[in-house]
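All values below come from the heavy atoms of this structure, side chains included, with hydrogens, waters and symmetry mates left out. Computed from a prediction, not measured in an experiment: that's the story for all the values here.
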There are 2 protein chains.
Amino acid sequence: MAGPARQQANEPRDAVKLWLRLYRPVSLIERELRSRFQREFAVSLSRFDALSALQRAPDGLLMGELSDRLLVTNGNVTGLISRMVVDGLVTRDALPQDRRSFRVQLTEAGQETFARMAHAHADWLAELLADLPGQTVSSLGEQAETLLHCLRTERTG
Amino acid sequence: MAGPARQQANEPRDAVKLWLRLYRPVSLIERELRSRFQREFAVSLSRFDALSALQRAPDGLLMGELSDRLLVTNGNVTGLISRMVVDGLVTRDALPQDRRSFRVQLTEAGQETFARMAHAHADWLAELLADLPGQTVSSLGEQAETLLHCLRTERTG
DNA sequence: ACATTTTATTTTAGAAGTAAAATATATCCG
DNA sequence: CGGATATATTTTACTTCTAAAATAAAATGT
């Protein structure tokens, strides 16, 4: 109970405190980005995230790879991509060698749309974070990286 | 274009990099908490957040105060609280002095439910963060706090 | 008093998300 | 080969969430 040793974050109170301190600003930024994407491009943050993941994968992604990268369920990706196909942002083609799988790829329109949005996204973040001291930017980033690698989630990756 | 001065986080590339480094681990933790609340208590993270906000406010909260604290829209809170009223976790009573407003308060059942969930929540976080060095916990927390205060969102607070 | 505006909330229509069951195809192993 | 199991995705039923319009009560100004 009153043990003096606590090298790590395993004090429940400290863990909750750290979590809330991270969660609040991240939620605020997320909310702000979401509403700006809606206002300026009439597009959801999820769509931007999907375009972003696809842009990094020149050969496209399977539905399952996409749901892994976006951290959402398969069922969610099914609907998200269906709507994006309708809007001409991506294509979704069956693989000949495995008829269960589908390869999703950006269309040219999707690439152009993404490029415009990515530019705005970067500017918005620079603006939102403009008051943060440069030193905090780098060290906060490094420690967030450490957090990612130390995380004990089921699917650590 | 090639200006040498960049004291702050206003280099778009740096800002995006920091954002992604924060967003990834926070999303992973959020996802993990969400699924554990579902598995163990058959309850959404949103409900836990709502109970948590109400617990901090002994005199209850107005619908609008709740949507401010939860960073979600009024319409969302309407539905969320309606379902929680049905399940007996909260009460929602009109104010006599302002008939537009409603005071939401935890019921005794809501308090008990919250207490059990809060305990599990703290344990889960301690477990998830167990590998994080204690020094990182405190300094990451402090810098996240700095981030919160420096944020240039519309509703800065 | 009374029209105007502001504030608090709900409603509406629909996107985004989940868990769990269903479907369909591949793979594995006797 | 054929049955069992594993994999990839969709479907289903539902909650969560948003933006925008609607409702209703309060506050304000002349």
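For residues 88-102 of chain A, the pairs satisfying salt bridge (charged side-chain N to carboxylate O under 4.0 Å, His left out) are D98(A)-R100(A), with sequence neighbours left out.
Screening N76(A), D49(A), N74(A), V77(A) against L66(A) for a side chain to side chain contact (heavy atoms under 4.5 Å, CB included) leaves a single residue, V77(A).
Between E32(B) and R36(B) there is a salt bridge, with a side-chain nitrogen of the basic residue lying less than 4.0 Å from a carboxylate oxygen of the acidic one. Between R69(A) and E65(A), none of the side-chain N atoms (NZ, or NE/NH1/NH2) sits under 4.0 Å from a carboxylate O, so this pair counts as no salt bridge.
In the hydrophobic clustering of ILVMFWY residues, with side-chain heavy atoms under 4.5 Å counting as a link, V90(B) and L95(B) come out apart. When hydrophobic clusters are built by joining Ile, Leu, Val, Met, Phe, Trp and Tyr residues whose side-chain heavy atoms come closer than 4.5 Å, directly or via intermediates, I29(A) is grouped together with W19(A). No chain of hydrophobic side-chain contacts below 4.5 Å, direct or via other Ile, Leu, Val, Met, Phe, Trp or Tyr residues, connects L62(B) to L70(B).
For I81(B) and dC17(D), the CD1 to P distance is 11 Å, given to the nearest whole Å. Following rounding to the nearest Å, R36(A) (CZ) and dT18(D) (P) show an atom-to-atom distance of 17 Å. Atom C1' of nucleotide dT9(D) and atom CG of D93(A) are separated by 15 Å, given to the nearest angstrom. Computed from coordinates, the L95(A) CG to dA26(C) C1' distance equals 13 Å when rounded to whole Å.
Between V26(B) and L147(A) there is no side-chain heavy-atom pair separated by less than 4.5 Å.
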>> Using a 4.0 Å heavy-atom cut-off to protein, can you give one letter per nucleotide of nucleotides 8-24 of chain C, 5' to 3': B if the base is in contact, S if only the sugar-phosphate is, - if neither?
In response: SBBB---SSBBS----B
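Overall bending of the helix from dA1(C)-dT30(D) to dG30(C)-dC1(D), expressed as the angle between end axes built from five pairs apiece, is 10° (10° steps).
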